[in-house]
Amino acid sequence: MPVPIRRLVVALTLCCALVAGATACGGGEKTTSTKQTTSAAAVDQAAPSPTTSAERQKFAKTRFIANAGLAAGATYQWIVKPWKAGKFKKGAKGRKLALVKAGLAGAFAYNRLKAAQKNAQGDPTLSKALAPLTSGIEALKKLPSKLRKGDEKAANSFDDVINDVKDAGKSAGAPVKDQVPSTSQLSKG
């Protein structure tokens, strides 16, 4: 019995999103416990820090700018542009492919926005500027299902959240520019 193409596209989209999410969640530092041979005096000595707290804050802004820029670039390239071109409307030529790409871009952008949000916690000004946007970022999880149903406001709301994050970064001294990720970056998450 043949499977309808719609089910295959939905299954492919979900599989890609799960793979991207699993890839993004893994990769932690793995350590093995071995016999400790350090003396108590060596343990008491504080290891020199490679960065000062001011440098950590600077790097937090830099990482925020990079992550938010990738999210903004993916959103514009694979969600906003096709939406403005009418690719998500029912019966549009290339709709299914546009929806698959938008689903991947949505998962990627959500992942990068969560990373940017975590980076912003390292800088007090960014943290305060991004605090009101937490619920908007969380609401982006539902984008792919809204687009499939033909909700035209979904892409617009995604664009609004990205613009709010850009404005928050700009007000905190961390201007965000769109950086379109490569397709390999998109598939890796």
Legend entry - Results of side-chain contact (heavy atoms from CB on, under 4.5 Å) for T134 - residues two or more places apart only: Q117
Legend entry - Any K114 side-chain heavy atom under 4.5 Å of E138 side chain: yes
Inset, instruction - Not counting sequence neighbours, list each pair that qualifies as a salt bridge (Lys or Arg N to Asp or Glu O under 4.0 Å) and has a residue in residues 166-185. - result: K166-D178
Inset, instruction - Measure the shortest side-chain to side-chain distance between K96 and V100 over non-hydrogen atoms and say whether it is less than 4.5 angstrom. - result: no
Legend entry - Beyond-backbone contact of N156 with W83, side-chain heavy atoms, under 4.5 angstrom: yes
Inset, instruction - For residues A120 and L130, report the shortest heavy-atom separation together with the two atoms involved. - result: CB-CD2, 3.7 Å
Legend entry - Test item: T75 and V80 side chains (from C-beta on) under 4.5 Å apart, heavy atoms: yes
Inset, instruction - Look at the side chain of K61 and the backbone N and O of A172, then say whether any donor-acceptor pair between them is shorter than 3.5 Å. - result: yes
Inset, instruction - Assess whether side-chain contact (heavy atoms from CB on, under 4.5 Å) is satisfied between Y76 and I162, documenting all intermediate values. - result: CA-CA 9 Å; Y76 182 75; I162 293 291; over 6 Å; no
Legend entry - Main-chain N/O of K87 paired to R95 side chain as donor or acceptor, under 3.5 Å: no
Inset, instruction - Write down the atom of A109, the atom of A71, and the distance for their closest heavy-atom approach. - result: O-CB, 3.7 Å
Inset, instruction - Indicate yes or no: at least one non-hydrogen side-chain atom of I79 is less than 4.5 angstrom from one of D159. - result: no
Legend entry - Nearest atoms (heavy-atom pairs only) where L70 meets F108: O-CE2, 3.8 Å
Legend entry - CG on L99 to CH2 on W78, rounded to 0.5 Å: 15.5 Å
Inset, instruction - Please assess V161 against L133 for the test side-chain contact (heavy atoms from CB on, under 4.5 Å), listing each intermediate value before the final yes or no. - result: CA-CA 8 Å; V161 170; L133 303 176; 5.9 Å; no
Inset, instruction - Give the minimum heavy-atom separation between Y110 and L140, together with the two atoms involved. - result: CD1-CB, 4.3 Å
Legend entry - Nearest non-hydrogen partners of A60 and N119, listed with the distance: CB-O, 3.3 Å
